[in-house]
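What follows is a short report on a single structure.
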There are 2 protein chains.
Amino acid sequence: MPENTDSDTFLASDAFAADLLRGHTDTIVLAVVSQGESYGFEIFKTIRDATGGAYEIKEATLYASYRRLLKDGLVEAYWGDETQGGRRKYYRITDAGRAVYRDNVGAWEITRGLIDTLLDLGRPARTGTTRPGRPQQ
Amino acid sequence: MPENTDSDTFLASDAFAADLLRGHTDTIVLAVVSQGESYGFEIFKTIRDATGGAYEIKEATLYASYRRLLKDGLVEAYWGDETQGGRRKYYRITDAGRAVYRDNVGAWEITRGLIDTLLDLGRPARTGTTRPGRPQQ
DNA sequence: TCGAGTACTTTATCTGTTACAGTACTCAAC
DNA sequence: GTTGAGTACTGTAACAGATAAAGTACTCGA
């Protein structure tokens, strides 16, 4: 786990990633459950671990997302049969959910292209003849 | 100008790009004015044209952004000296604005990486060894 | 003079995020 | 035996950015 105290590179994560990820939460949750059924807190951990701890989604954000996805029929939920210990609510993606997930990934790719293009406007003019190249990595 | 009625490829643009660009508006405006002074409506057109008409930011969104940028001292404004015809309010980026712009581009690059990583969770396991290619164009 | 285009602005509403608060169980440590 | 950390789920209130809608005002060609 990265220390959040000294490293400049880590500044980035929670500080602004949170704001800029707005609107993507539902798609991210669909990405996780499209891999297989999972329960609320496990989805939280999956997201955290997939980003190496860089992005820790807020619980309230996540549960608000579950509510939307359920309301729209994109996931189904059921209680696990843990007879002792904390109850777990499992989420399963529906066919509608898979379709929306695919659409949203497409939307993201378009959006990513748009933002890349627009932010490129601010780069100092290049000397070459071709379209603005993206800096590799 | 693209007709918005028949083309499927155009569906993408206004429909959802708008929502997903949330939080990036100020950075996009900074990108435009970091190229040189510009006035409100011209910035609107620059953004529209840079995306080939795919993304037409809403005026209200844009003017709300100007207000924020002014309040934070990231741009300065002055009225042009158009003696006849419609008045134009010009915006000029400040040093603080340039610094914030650079930071925000960095933030975008990190965010882009995070979302790419997270949405990748939902892809079926790949057989090859390389990263997923981006569809060209 | 009528409509389309240019140009700027404000107000009210909507939505996603999140701080905060709360409930409830388990398990290891003291 | 209770304290604290971790797991797990939920609701409420407040905030911020986006935007529909409406308005003001000028220009120019038909």
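Protein chains get the first letters and strands the later ones, always in sequence-line order, with residue 1 at the start of each. Just so you know, these numbers come straight off a predicted model, no measurement behind them.
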### Task
Taking side chain to side chain contact (heavy atoms under 4.5 Å, CB included) as the test, write out the residues that go with V100(B), two or more places apart.
L30(B), L74(B), N104(B)
#### Entry: Phosphate-side-chain proximity, K45(A) and dA8(D), N/O vs OP1/OP2 below 4.0 Å
yes
### Message
Tell me the interatomic distance from L21(B), atom CG, to dT15(C), atom P, rounded to whole angstroms.
### Response
19 Å
### Message
I'd like to check the salt bridge (Lys or Arg N to Asp or Glu O under 4.0 Å) partners of R67(A); sequence neighbours left out, ordered by chain and number.
### Response
none
### Whole-Å gap separating P (dG5(C)) and CZ (R48(B))
11 Å
### Query
Atom OH of Y90(B) and atom C1' of dA7(C): how far apart are they, to the nearest Å?
11 Å
### Query
side-chain hydrogen bond (donor to acceptor under 3.5 Å, both in side chains) with D116(B): which residues, sequence neighbours excluded?
W108(A), R112(A)
### Task
Sequence neighbours left out, what passes side-chain hydrogen bond (donor to acceptor under 3.5 Å, both in side chains) with S65(B)? Give chain and number order.
D26(B)
### Task
Measure from CG on L69(A) to P on dT17(C) and round the result to the nearest Å.
11 Å
### Query
By a strict heavy-atom criterion of less than 4.0 Å, which residues belonging to residues 23-41 of chain B are in contact with DNA chain C?
Y39(B), G40(B), F41(B)
### Message
Taking side-chain hydrogen bond (donor to acceptor under 3.5 Å, both in side chains) as the definition, give me every residue that meets it alongside E37(A), ordered by chain and number, with sequence neighbours left out.
### Response
Y78(A), R92(A)
### Message
For E42(A), give me all partners under salt bridge (Lys or Arg N to Asp or Glu O under 4.0 Å), at least two apart in sequence or on another chain.
### Response
none
### Message
Please check this pair: side chain of T117(B) against backbone of G113(B), looking for a donor-acceptor N/O pair closer than 3.5 Å.
### Response
yes
#### Entry: side chain to side chain contact (heavy atoms under 4.5 Å, CB included) partners for A99(B), two or more places apart
R102(B)
### Message
Y63(B): which residues meet the side-chain hydrogen bond (donor to acceptor under 3.5 Å, both in side chains) condition with it, sequence neighbours left out?
### Response
none
### Query
Taking the side chain from Y101(B) and the backbone from L119(A), do they hold a donor-acceptor pair closer than 3.5 Å?
yes
### Query
Could you give the CG-to-P distance, from L62(B) to dC8(C), as a whole number of Å?
9 Å
Atom pairs, protein N/O to nucleotides 10-14 of chain D N/O, distance under 3.5 Å:
unit_1, atom_1, unit_2, atom_2, d
dT10(D), OP1, K89(A), NZ, 3.0

### Message
Between C1' on dT15(C) and CG on L20(B), what's the gap in Å once rounded to a whole number?
### Response
13 Å
### Task
Return the value, rounded to whole Å, for the distance between atom CD of E56(A) and atom P of dG6(D).
12 Å
### Query
Could you give the CZ-to-P distance, from R22(B) to dC14(C), as a whole number of Å?
15 Å
### Summary
Axis-to-axis angle across the helix from dT1(C)-dA30(D) to dC30(C)-dG1(D), five pairs each end, nearest 10 degrees, ~ 0°
#### Entry: A77(B): side chain to side chain contact (heavy atoms under 4.5 Å, CB included) partners, not counting sequence neighbours
L70(B), K89(B), Y91(B)
